[in-house]
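Worksheet: one structure, shown below.
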Amino acid sequence: MTKFNAQERLSPAVQSIAPSGIRKFFDIAAKMQDVISLGVGEPDFVTPWSIRESCVYGLERGYTSYTANRGTLELRQEISNFFSRRHGVEYNPETEILVTVGVSEAMDLAMRAITSPGDEVLIPEPCYVSYKACTTLAGGIPIAVPTKLENEFRIRPEDLEKYLTPKTRSIIIGYPNNPTGAIMEREDLEAIAKFAEDHDLVVISDEIYGELTYGGRDPICFSSIEGMRDRTIVLNGFSKAYAMTGWRIGYALGVPEIIAAMTKIHQYTMLCAPITAQMAAVEALRHGEKYMKKMVAEYDRRRKLIHEGFSKIGFPAFEPKGAFYIFPDITSSGLSSDEFAEKLLEREHVAVVPGSAFGNCGEGHIRCSYATSIDKISEALNRIEHFKKNL
Ligand code: PLP
């Protein structure tokens with residue numbers, strides 16, 4: 001009998017991507033006692049009750065079917081209303097909005113819809129782990145563009161320029177940023193808009209942390225920048241702002257041609273997002289803002305505590321202005337970010353993610369999530385201080 005070699009059968013694209021560097025540490029931490037995790041990129045709040053209740057009520061009334069591929073018109077209409085009042089950008093709910101299974105699916109669909117084999121995609125790093133993988137799986141070539149601590153991890157056209165070739169077709173931006181907590185000011189976005197226009201690029205803008213912006217700032221949607229609406233695919237969702245990670249609802253906004261192309265892939269691979277989760281998302285947009293604001297105020301309190309804490313310990317971090325991560329510089333420890341995360345977990349039972357999981361230029365940093373209680377953050381800071389003293 002011929003021996004079956006499964007490894008050999010795997011597609012070259014799948015073989016070329018690495019498993020997520022975030023998950024590795026969860027798996028080790030899950031087996032240990034007394035671990036404080038600053039590793040998870042997930043709100044520690046439960047979804048507000050009125051949102052949960054709308055799902056329960058939907059089930060009671062027997063809503064258990066498929067929906068339209070693009071998502072319920074009711075939800076698409078609410079998303080359209082939200083973008084109109086929040087950002088002043090109009091999207092037609094019939095043709096320019098697609099409801100997806102999280103931003104994760106939306107990113108995959110966006111890259112598959114617009115990428116031809118060999119297209120180069122500019123990906124500023126450090127960045128969320130899926131951007132590179134989705135690009136590769138879509139047949140594109142991810143081109144890492146390092147951003148720098150001295151620029152507070154913002155992207156500048158002069159950095160992008162160095163990586164531009166005739167094959168460059170698109171750019172993925174993700175602000176407020178995971179893992180750095182960086183945001184882009186309006187003038188930064190305008191500079192990127194000009195760059196995109198000059199070089200005829202599609203911009204994929206992952207705005208999942210948009211509502212988690214601190215210091216009295218309002219989030220800026222990339223498609224609201226002049227001239228950008230038609231060349232931008234905006235991705236957003238409910239996981240972070242409304243503490244709805246498990247509901248798996250996201251969405252994409254774009255011109256009808258691109259949304260139709262993404263819908264084609266979605267209808268064959270996912271069919272639709274779950275109906276009762278879509279009902280909950282409608283409730284989140286209609287009445288969820290007050291709960292969201294409370295959660296954001298709490299993240300803000302934690303943000304200040306953790307920022308001060310790391311500065312005192314001597315692992316300085318620039319002040320995060322969005323999302324719920326801080327990205328301290330740990331080079332003074334003499335350890336690589338991977339060694340640091342491993343030893344910290346082993347010795348002090350604190351889980352963090354090595355900066356290198358988010359791209360080479362994340363080396364020398366760790367990502368800590370402050371989506372956990374003040375008490376846990378304080379205890380984690382004590383343990384990190386103890387760890388530093390004993391290095
Ligand atoms: N984009 C960013 C920047 C994220 O941090 C995450 C999750 O951590 C996602 C997308 C995926 O979000 P979703 O739960 O909507 O799939």
Side-chain angles (χ1 to χ4, degrees), residues 19-26 37-45 47 51 71 75 79 97-111 123-135 137 142 147 153 155 171-184 203-213 219 221-222 233-253 262 266 269-270 273-274 277-278 280-281 284-285 288 292 299 320-327 352-353 355 357-359 362 367-372:
S20 161
I22 303 181
R23 282 283 151 187
K24 181 174 126 189
F25 281 85
F26 289 157
S37 178
L38 305 180
V40 204
E42 171 159 56
D44 59 326
F45 300 105
T47 309
I51 299 175
L75 177 55
I79 293 168
I97 299 178
L98 170 64
V99 176
T100 57
V101 178
V103 170
S104 303
E105 192 213 352
M107 178 59 73
D108 178 44
L109 298 179
M111 297 321 290
I123 305 183
E125 287 185 345
C127 70
Y128 183 53
V129 290
S130 82
Y131 302 167
K132 244 176 158 168
C134 287
T135 301
L137 291 171
T147 58
F153 296 108
I155 323 166
I171 171 169
I172 302 178
I173 58 175
Y175 290 88
N177 183 261
N178 174 6
T180 63
I183 60 162
M184 295 274 276
V203 180
I204 301 95
S205 183
D206 176 356
E207 301 181 8
I208 192 166
Y209 293 103
E211 292 302 317
L212 307 186
T213 306
C221 175
F222 193 75
I233 309 174
V234 176
L235 309 183
N236 207 328
F238 295 82
S239 289
K240 315 289 174 168
Y242 299 96
M244 291 178 68
T245 46
W247 298 79
R248 311 308 304 128
I249 299 287
Y251 53 91
L253 311 173
M262 289 172 67
H266 172 78
T269 53
M270 208 60 66
Q278 293 189 58
L285 286 175
M292 188 248 288
Y299 293 137
K321 301 199 177 74
F324 39 51
Y325 307 103
I326 190 163
F327 205 56
V352 299
V353 182
F358 307 95
R367 186 195 78 172
C368 302
S369 157
Y370 50 88
T372 191

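One-based numbering, in listed order, for ligands and for the atoms of each. Numbers here are sequence positions counted from 1.
Counting atoms of ligand 1 from 1 in the listed order, those under 4.0 Å from a heavy atom of Ser239 are 13 (P), 14 (O), 15 (O). Listed by number with element, the atoms of ligand 1 under 4.0 Å from a non-hydrogen atom of Tyr131 are 3 (C). Those atoms of ligand 1 with a heavy atom of Asp206 less than 4.0 angstrom away are 1 (N), 2 (C), 3 (C), 10 (C). Within the listing of ligand 1, atoms 15 (O), 16 (O) sit less than 4.0 angstrom from a heavy atom of Gly102.
Rounded to the nearest 0.5 angstrom, Ile97 CD1 and Tyr251 OH are separated by 8.5 Å.
Every N/O-N/O distance between Thr245 and ligand 1 stays at or above 3.5 Å. Residue contacts with ligand 1: Val103 is placed with a nitrogen or oxygen under 3.5 Å of a nitrogen or oxygen of the ligand (distance criterion only). Ligand 1 has an N or O atom lying under 3.5 Å from an N or O atom of Arg248, backbone or side chain. Ligand 1 has an N or O atom lying under 3.5 Å from an N or O atom of Lys240, backbone or side chain.
Side chains of Thr147 and Thr180 form no contact here, defined as non-hydrogen atoms less than 4.5 Å apart. By the 4.5 Å heavy-atom criterion applied to side chains, Glu207 and Cys221 are counted as neighbours. Between Tyr242 and Trp247 the shortest side-chain heavy-atom distance does not fall below 4.5 Å. For the pair Ile249/Val99, a side-chain contact is recorded, criterion being any heavy-atom separation below 4.5 Å from C-beta on. Phe222 has its side chain within reach of Ile173: a pair of non-hydrogen atoms, C-beta onward, lies under 4.5 Å apart. Contact of the Ile172 side chain with the Tyr128 side chain is not registered, since no non-hydrogen atoms from C-beta on lie closer than 4.5 Å.
Nearest heavy atoms, Pro176 versus Ala323: CB-N, 3.6 Å.
Closest protein heavy atom to atom 6 (C) of ligand 1: Tyr128 CZ, 3.4 Å. Remark: minimum distance from atom 12 (O) of ligand 1 to any protein heavy atom is reached at Ile208 CD1, 3.3 Å.
The residue Glu105 has no part lying near ligand 1, judged by heavy-atom distances below 4.0 Å.
Checked by atom type and distance alone, the side chain of Lys240 pairs as donor or acceptor with a backbone atom of Gly41 at under 3.5 Å.
For Ser104, the closest heavy-atom approach to ligand 1 falls below 4.0 Å. Residue contact check for ligand 1: Phe238 places no non-hydrogen atom closer than 4.0 Å to it.
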